[in-house]
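Worksheet: one structure, shown below.
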Amino acid sequence: MNLEEYKGVFIYAQQVDNELSGISFELLGKAKDLAADLNTNVTAVLIGSDVKNLCDALAEYGADRVIVVDDPELKVYRTEPYTHALASVINEFKPEIMLVGATAIGRDLGPRVSARVATGLTADCTKLEIGDFPLNPGPNQKHNQLLMTRPAFGGNTIATIACPDNRPQMATVRPGVMQRITPVKGAKAEIVEFNPGFTPNKNYVEILDVVKSVTDTVDIMDAKILVSGGRGVGSPENFKILEDLAKAIGGEVSCSRAVVDNGWMPKDLQVGQTGKTVRPQIYFAIGISGAIQHVAGMEESDVIIAINKDETAPIFEVADYGLVGDLNKIVPKLTEAIKEY
Ligand code: FAD
């Protein structure tokens with residue numbers, strides 16, 4: 001493999017029902033940083049059916065070029081045709097770096113594509129940067145490598161992984177971790193249409209029906225204020241006091257894994273390493289001890305307010321404001337005070 005042939009930072013622009021997923025903008029934000037370090041440009045790979053209308057948004061969020069694979073066969077995400085499409089783009093355009101969101105779709109697509117193009121993949125990255133590998137100087141150290149960082153061993157250690165001998169360097173990236181740029185209104189990208197060729201009815205999985213979950217709550221990853229409860233809340237009924245606080249302050253309720261494991265709250269409200277990564281303006285951690293796996297999902301919040309009866313709880317190490325005491329007394333008083341304010 002001639003590594004020199006591989007150029008540019010590519011992202012997979014995930015769309016569902018002709019709407020770009022938030023991760024696509026986050027990947028573009030990160031790709032711009034990496035491309036600046038490598039003195040190269042950013043390409044978004046857009047795959048679907050009748051999706052060309054999405055190119056402008058990708059340009060406004062940082063894509064210099066959009067490669068569009070548009071085919072009726074790609075109307076709904078299915079593993080086989082999407083793998084064929086993305087792997088074909090990689091073989092044709094030879095990116096140095098290929099980033100995919102660690103969403104349900106990306107976790108399915110990324111590993112398949114990496115196997116198809118015979119390169120490695122680092123899954124579920126929380127940090128990406130350009131640097132030297134191995135990290136310590138030595139005769140075989142290579143420069144300008146993609147250093148891909150992710151928690152390992154249940155979050156007890158952080159692994160930095162590189163792919164020095166193969167291209168592209170591929171990673172899936174956790175949603176909610178990378179920051180999108182402020183969009184540049186009217187920005188334009190070069191549009192390249194690419195047709196890898198599809199054989200209709202080639203034993204692809206057939207989607208018979210798509211049933212969408214209906215909810216009237218905001219996804220916790222989009223919430224500006226989160227009122228998060230842990231095992232210390234004591235019971236599912238007692239989450240009412242957190243819901244009252246969330247309502248008073250205009251936020252949403254989320255929780256720790258202990259709460260989900262107890263069956264008190266649904267899994268899609270879980271924050272942390274095996275839940276969602278959130279970055280709200282205000283994060284209340286109420287009756288949450290602050291285990292490393294929880295903190296991994298909320299430490300980037302702008303302001304963290306912890307309420308815990310144990311003054312030695314690790315959550316106070318990451319909190320901007322801490323209240324030591326019984327949440328059953330503190331939270332209702334706080335709610336009343338906010339209502340009066
Ligand atoms: P606890 O650790 O039991 O803490 C309860 C806290 O409430 C205590 O600090 C206590 O002092 C306080 N408290 C009790 N009563 C009151 C009261 N009346 N007033 C005020 N404070 C009170 N966890 C996650 O959250 N998210 C994850 O994604 C996640 N992923 C994991 C992945 C792996 C591989 C592993 C091994 C673990 C993971 N965990 C995760 C679990 C994590 O290690 C902790 O067990 C969990 O976060 C603890 O939840 P908690 O803080 O609610 O409960």
Side-chain angles (χ1 to χ4, degrees), residues 23 101-104 107 122-127 149-159 172-177 219-223 225-246 251-280 282-301 304-337:
I23 185 69
T103 57
R107 284 169 201 246
T122 307
D124 213 17
C125 294
T126 52
K127 187 174 162 195
T149 300
R150 52 154 299 157
F153 296 107
N156 290 315
T157 186
I158 299 292
T172 58
V173 180
R174 270 207 133 194
V177 177
D219 187 328
I220 60 170
M221 289 175 67
D222 298 327
I225 300 175
L226 281 175
V227 178
S228 207
R231 201 191 324 252
V233 175
S235 68
E237 295 74 31
N238 212 27
F239 262 83
K240 169 86 171 62
I241 60 173
L242 272 64
E243 282 158 12
D244 290 345
L245 173 59
E252 299 292 328
V253 170
S254 56
C255 64
S256 71
R257 174 159 155 183
V259 167
V260 175
D261 288 349
N262 280 351
W264 298 352
M265 284 280 153
K267 168 86 177 150
D268 64 342
L269 298 186
Q270 182 189 320
V271 172
Q273 189 191 318
T274 44
K276 291 181 176 170
T277 302
V278 295
R279 198 192 270 266
I282 306 176
Y283 187 87
F284 287 91
I286 303 176
I288 292 176
S289 57
I292 185 170
Q293 297 91 354
H294 185 82
V295 170
M298 45 66 81
E299 63 191 334
E300 298 294 332
S301 305
I304 298 171
I305 303 169
I307 302 174
N308 199 302
K309 66 177 185 185
D310 175 6
E311 63 179 8
T312 67
I315 193 68
F316 289 122
E317 286 165 28
V318 291
D320 299 286
Y321 300 96
L323 288 158
V324 180
D326 184 353
L327 64 90
N328 296 298
K329 293 186 181 143
I330 295 173
V331 177
K333 278 191 187 157
L334 195 58
T335 306
E336 284 314 310

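Worth knowing before you read on, the calculation uses all heavy atoms, side chains too, and leaves out hydrogens, waters and symmetry mates. As the structure is a prediction and not an experimental result, all values here were calculated from the model. Both ligands and their constituent atoms are indexed starting at 1 by order of listing.
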Does any N or O atom in Leu327 lie less than 3.5 angstrom from one in ligand 1, N or O only?
-> yes

Heavy-atom contact under 4.0 Å between Val259 and ligand 1?
-> no

Say whether Gly325 and ligand 1 are in contact under the criterion: heavy-atom distance to a ligand atom below 4.0 Å.
-> yes

Less than 4.0 Å between a side-chain N and a carboxylate O, is that true for Asp219 and Lys276?
-> yes

Any donor-acceptor N or O pair under 3.5 Å, side chains Arg174, Thr126 = no

For ligand 1, which part of Ile315 has a heavy atom less than 4.0 Å away: the side chain, the backbone, both, or neither?
-> neither

Of Arg257, Lys267, Gln273, which has the heavy atom at the shortest distance from atom 32 (C) of ligand 1?
-> Arg257

How are the rings of His294 and Tyr283 set to each other: parallel, tilted or perpendicular (split at 30° and 60°)?
-> tilted

Would you check the N or O atoms of Ile307, main chain and side chain alike, for any that come under 3.5 Å of an N or O of ligand 1?
-> no

Between Ser256 and ligand 1, find which residue part has any heavy-atom pair under 4.0 Å and reply side chain, backbone, both or neither.
-> both

Options Pro151, Ser289, Gly275, ranked by nearest heavy atom to atom 2 (O) of ligand 1, top entry = Ser289

Say whether Asn328 and Asp326, considering side chains only, have a donor N or O and an acceptor N or O under 3.5 Å apart.
-> yes

Just distances here: any N/O of Gly287 and N/O of ligand 1 closer than 3.5 Å?
-> yes

